[in-house]
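Residue numbers count from 1 along this sequence.
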Amino acid sequence: MKRILYIGLFIAGSSGSLLAQKDKRAETILDAMSGKYKALNSYQAAFSYATDRETYKGDIAVKGKMFRLKTAGQEVFTDGKVMSTYVKESNEVNIQDYDASATGDFNPTKVYTMYKKGFNYAYLREQKVAGRTLDVIELKPEKKNTQIANVQISVDRADKSVRTWQTTDKNGKRTVYTISKFTPNPNLADSYFVFDKAKYPGVEVVDLR
């Protein structure tokens with residue numbers, strides 16, 4: 001089964017905590033941002049994610065504990081109980097029990113609260129982009145020997161929305177995520193988050209439950 005790409009699933013920590021460093025200005029901004037998204041019943045977003053060499057597009061929909069994520073060549077569905085991962089190249093779907101605890105806070109339904117556990121954070125700078133004022137916050141994992149070195153989140157000062165975030169791994173590789181369209185509280189049926197075999201002719205189903 002191919003590895004699933006989640007927005008924000010980048011930490012694979014081991015032991016060794018650093019002294020806690022929580023910047024109050026950064027915390028105030030992050031709390032306001034988190035509150036904005038937690039108040040929504042559901043949301044959809046179109047985004048791009050770019051490395052030094054390539055740029056891809058994706059879409060995410062979240063409703064409570066359910067999410068549906070589409071990235072390059074792959075779709076992930078979960079209704080909070082079952083997770084289905086469809087790989088376009090092989091026309092195969094892997095079905096398994098969904099275990100939210102397996103990814104901790106690093107899954108699409110919790111990405112806006114990830115800073116609350118396992119990170120130090122600090123206010124970096126103010127940035128002007130397309131006439132909007134963004135506050136840039138840097139998060140660093142508290143544990144040593146993680147795959148990620150830091151995450152930078154750009155929060156719109158006016159509406160507290162996330163505009164971009166950038167991850168840098170321990171080898172210096174950067175990935176930049178940019179939100180191109182955001183829709184709050186779309187009317188999404190629960191069935192939208194369940195894989196429908198009928199819509200994928202000839203798909204091979206691999207049930208791992």
Side-chain angles (χ1 to χ4, degrees), residues 4-45 47 49 58 60-69 76 78-81 83 98-127 133-170 174-179 182-185 193:
I4 300 170
L5 173 63
Y6 288 133
I7 304 175
L9 302 187
F10 302 103
I11 307 300
S14 59
S15 62
S17 294
L18 301 175
L19 293 175
Q21 297 177 355
K22 313 292 186 184
D23 182 330
K24 292 301 294 183
R25 182 179 182 184
E27 184 175 40
T28 298
I29 294 168
L30 291 170
D31 285 348
M33 174 273 294
S34 180
K36 172 188 174 70
Y37 291 100
K38 289 172 67 177
L40 299 175
N41 294 319
S42 61
Y43 63 84
Q44 283 183 298
F47 63 93
Y49 54 105
I60 178 74
V62 175
K63 180 181 179 182
K65 296 181 179 180
M66 302 180 287
F67 68 85
R68 180 171 174 175
L69 173 66
V76 181
T78 184
D79 60 359
K81 298 177 181 179
M83 183 169 69
Y98 175 61
D99 181 6
S101 65
T103 54
D105 291 333
F106 303 98
N107 72 53
T109 66
K110 298 182 180 181
V111 67
Y112 299 108
T113 57
M114 59 181 282
Y115 70 95
K116 294 186 177 182
K117 184 178 180 180
F119 285 95
N120 294 317
Y121 40 78
Y123 186 88
L124 281 189
R125 62 184 177 274
E126 176 185 299
Q127 189 174 37
T133 301
L134 309 181
D135 291 308
V136 184
I137 311 297
E138 182 177 64
L139 282 65
K140 289 187 176 182
E142 292 179 336
K143 294 180 179 180
K144 297 180 180 179
N145 303 318
T146 60
Q147 292 181 344
I148 201 73
N150 65 71
V151 179
Q152 291 185 15
I153 302 177
S154 298
V155 179
D156 192 306
R157 187 174 294 178
D159 63 11
K160 311 306 179 186
S161 64
V162 174
R163 294 290 173 172
T164 66
W165 67 92
Q166 172 185 290
T167 65
T168 304
D169 69 18
K170 62 183 179 180
R174 294 185 300 174
T175 305
V176 180
Y177 297 82
T178 303
I179 302 296
F182 186 85
T183 305
N185 293 319
F193 301 92

Please tell me if the side chains of Arg25 and Thr28 come closer than 4.5 Å, counting only heavy atoms from C-beta onward. no

Contact between Trp165 and Ile137 at the side-chain level, heavy atoms closer than 4.5 Å - yes or no? no

Measure across Leu139 and Ile153 and return the closest heavy-atom pair with its distance rounded to 0.1 Å. CD1-CD1, 4.0 Å

Output yes when Arg125 and Glu138 qualify as a salt bridge under the 4.0 Å nitrogen-oxygen rule, no when they do not. no

Measuring only between side-chain heavy atoms, which start at C-beta, is Met114 closer than 4.5 Å to Phe119? yes

Do Val76 and Phe67 come within less than 4.5 Å of each other through their side chains, counting heavy atoms only? yes

Rounded to the nearest 0.5 Å, what's the gap from CG on Asp156 to CZ on Phe182? Could you check? 12.0 Å

Looking at every heavy atom in both Ala149 and Lys140, which two are closest together, and how far apart are they? O-CG, 3.9 Å

Sequence-distant partners of Thr164, side chain to side chain donor-acceptor pair (under 3.5 Å), two or more places apart: Ser154

Just how far is it from atom CE of Met66 to atom CE of Met83, taken to the nearest 0.5 Å? 15.5 Å

Any side-chain heavy-atom pair of Val62 and Tyr37 under 4.5 Å: no

Can you tell me how far apart CG (Asp31) and NZ (Lys38) are? Round to the nearest 0.5 Å. 8.5 Å

So does Lys65 have more than 12 non-hydrogen atoms from other groups sitting under 6.0 Å from NZ? no

Evaluate the criterion side-chain contact (heavy atoms from CB on, under 4.5 Å) for residue pair Tyr121 and Lys22; output intermediate values, then yes/no. CA-CA 5 Å; Tyr121 40 78; Lys22 313 292 186 184; 3.8 Å; yes

Return the minimal non-hydrogen interatomic distance between Asp79 and Lys81, and the atom names on each side. OD1-N, 2.9 Å

Under the 3.5 angstrom rule, does the side chain of Asn41 hit a backbone N or O of Asn185 as a donor-acceptor pair? no

Specify the closest pair of heavy atoms between Gln147 and Asp169, including all atoms of both residues, with the distance to one decimal. O-CB, 3.2 Å

Measuring from Ile60:CD1 to Phe47:CZ, what's the distance to the nearest 0.5 Å? 6.5 Å

Using 0.5 Å steps for rounding, measure from the NZ atom of Lys36 to the CG atom of Asp159. 4.5 Å

As an exercise, state the distance from CG of Leu30 to NZ of Lys116, rounded to the nearest 0.5 Å. 9.5 Å

Assess whether atom CZ of Arg157 is packed by more than 12 heavy atoms of other residues, nucleotides or ligands within 6.0 Å. yes

To check you understand the geometry: which heavy-atom pair defines the closest contact between Ala122 and Ala26, and what is its length? C-CB, 3.7 Å

Taking every non-hydrogen atom, the tightest pair across Arg68 and Phe193: N-CD2, 3.7 Å

Ile179 and Arg163: side-chain contact (heavy atoms from CB on, under 4.5 Å), yes or no, with the steps? CA-CA 5 Å; Ile179 302 296; Arg163 294 290 173 172; 5.9 Å; no

